[in-house]
Amino acid sequence: MGKKVVVTGVPGVGKTTVINGAMERLAAEGIAYEAVNFGTCMFDVACKESLVSDRDEMRKLGKDDQKRLQQAAASEIAAMSADANIIIDTHSSVKTPAGFLAGLPEWVLRELMPDVVVLVETDPDQILMRRLGDESRVRDMEGARTIAGHQEFNRAIAAAYAMYTGCTVKIVGNENFLLERAIDDLVNVLR
Ligand code: AP5
């Protein structure tokens, strides 16, 4: 069986940047991982159904639509080779207008059964600045205190994921100017 590692973090914390760095490092050691973006799997279905025109609109959809898209993404990812090492780039919780939605509810966890859930975190001020610097996305405008609250909620809900699956929960700090340290931490989880 391959290893299944779920990597999460609030929007703009740098999940994808850390994942890409870790995969490059591991490839040089001959350890292959496939990275799959959960949001992209959801977005492909949402586009086919003409529900959204960009990925940032998905978290504003009704709860039932989001849950249906989640289920479709989880099934698609679960169908990938069981022998492959997989990194799933996703969210512990999604901030919707109706409140936090679990990124890995029971029906998603049952499909994925991860070995590890990684929380990528950093100071809320740094996340705010990264969001403001990224014009390619339609970010929610939030202050540092609200971002801190979202990171706290993500830790709490990750504990529930560990209770359900027996996975471990690893916190990886991704501070400004310390990207290499974050990559080292993730590589150690993936190796
Ligand atoms: P997704 O595309 O995964 O959303 P996202 O979190 O906004 O992802 P990003 O790629 O924008 O952020 P990132 O944290 O990867 O940061 P990045 O590496 O780009 O998901 C889209 C949507 O899908 C969600 O909104 C949701 O609706 C839906 N979805 C997904 N999973 C779901 C689930 N399970 N259930 C329900 N819905 C789900 O980096 C950001 C910036 O920071 C870059 O400019 C980068 O250069 C910079 N940076 C990174 N690290 C550092 C560092 N150490 N120092 C300085 N700068 C840094």
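Ligands are counted one by one from 1 in listed order, and the atoms in each one are counted from 1 as well. These numbers come from a predicted model, not from an experiment.
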Protein heavy atom at shortest distance from atom 24 (C) of ligand 1
His91 NE2, 4.0 Å
Ion pair present between Asp54 and Arg137, side-chain N to carboxylate O less than 4.0 angstrom?
no
shortest atom 22 (C) of ligand 1-to-protein heavy-atom contact is with Met58 CE, 3.8 Å
For Gly14, take its heavy atoms, then give the atoms of ligand 1 lying under 4.0 Å from any of them.
13 (P), 14 (O), 16 (O), 17 (P), 18 (O), 39 (O), 49 (C)
Regarding ligand 1, does Asp134 bring an N or O atom to under 3.5 Å of one of the ligand's N or O atoms?
no
If we only consider heavy atoms of Gly133, is any one of them less than 4.0 Å away from an atom in ligand 1?
no
Near Gly103 (heavy-atom distance under 4.0 Å), the atoms of ligand 1 are 33 (C), 34 (N), 35 (N)
Close-contact set for ligand 1 against Gly39 heavy atoms, below 4.0 Å
23 (O), 30 (C)
Counting from 1, what ligand 1 atoms have a heavy atom of Asn176 closer than 4.0 Å?
54 (N), 55 (C)
Once you restrict to heavy atoms under 4.0 Å, what part of Arg137 touches ligand 1? Side chain, backbone, both or neither.
side chain
For Gly12 and ligand 1, does the shortest N/O to N/O distance drop below 3.5 Å?
yes
Can we say Lys3 and Asp115 salt-bridge, meaning some charged N sits less than 4.0 Å from an Asp/Glu carboxylate O?
no
Sub-3.5 Å donor-acceptor pair from the side chain of Glu76 to the main-chain atoms of Ala72, do we have one?
no
Atom 7 (O) of ligand 1: any protein heavy atom closer than 4.0 Å
yes
Consider ligand 1: state whether an atom of it lies below 4.0 angstrom from any non-hydrogen atom of Gln126.
no
Atom 32 (C) of ligand 1: closest protein heavy atom, distance to 0.1 Å, is Thr90 OG1, 3.4 Å
Decide, yes or no, whether a salt bridge links Arg59 with Asp56 under the criterion of side-chain N to carboxylate O below 4.0 Å.
yes
Who gets closest to atom 25 (O) of ligand 1 by heavy atom: Gln70, Arg59, Arg131?
Arg59
Begin from the C-alpha positions of Thr96 and Gln66 and carry the test side-chain hydrogen bond (donor to acceptor under 3.5 Å, both in side chains) through to its verdict.
CA-CA 10 Å; Thr96 79; Gln66 291 193 59; 4.9 Å; no
Please examine the side chains of Leu132 and Met141, heavy atoms only from C-beta on, and report whether any two atoms are closer than 4.5 Å.
yes
Reference residue Leu112; test side chain to side chain contact (heavy atoms under 4.5 Å, CB included); the match among Thr165, Val117, Ile77
Ile77
N/O donor-acceptor pair under 3.5 Å between Asn85 side chain and Ala32 backbone:
yes
Look at the side chain of Tyr33 and the backbone N and O of Leu190, then say whether any donor-acceptor pair between them is shorter than 3.5 Å.
yes
Would you say His150's side chain and Ser93's backbone share a donor-acceptor pair under 3.5 angstrom?
yes
Say whether Arg130 and Asn176, considering side chains only, have a donor N or O and an acceptor N or O under 3.5 Å apart.
yes
Is the closest heavy atom of Gln66 to ligand 1 under 4.0 Å?
no
The closest protein heavy-atom partner of atom 52 (C) of ligand 1 is Arg130 NH2, 3.4 Å
To the nearest 0.5 Å, tell me how far Glu180 CD sits from Asp185 CG.
11.5 Å
State yes or no: are the ring centers of His91 and Phe38 separated by less than 6.0 Å?
no
Checking Gln151 side chain against Thr122 main chain: does a donor-acceptor pair fall under 3.5 Å?
yes
Would you say ligand 1 has an N or O under 3.5 Å from any N or O of Asp56?
no
Ignoring hydrogens, just give me the one of Thr17, Asn20, Leu61 whose non-hydrogen atom is nearest atom 43 (C) of ligand 1.
Thr17
Per-atom contacts, ligand 1 versus Asn174 - under 4.0 Å to a heavy atom
49 (C), 50 (N), 51 (C), 52 (C), 53 (N)
For atom 2 (O) of ligand 1, find the nearest protein heavy atom and state the residue, atom name and distance (0.1 Å precision).
Arg55 NH2, 2.8 Å
Examine the proximity of ligand 1 to Lys15 and report which part, side chain or backbone, both or neither, has a heavy atom under 4.0 Å away.
both
heavy-atom search around atom 10 (O) of ligand 1 in the protein gives Thr16 OG1, 3.4 Å
Intermediate values then yes/no, side-chain hydrogen bond (donor to acceptor under 3.5 Å, both in side chains), Asn20 and Arg25
CA-CA 9 Å; Asn20 290 342; Arg25 189 89 64 77; over 6 Å; no
Counting heavy atoms under 4.0 Å, the part of Arg139 that contacts ligand 1 is side chain
Quick one: which ligand 1 atoms are inside 4.0 Å of a heavy atom on Val94?
35 (N), 36 (C), 37 (N), 38 (C)
Can you list the atoms of ligand 1 that are under 4.0 Å from a heavy atom of Met42?
29 (N), 32 (C), 36 (C), 37 (N), 38 (C)
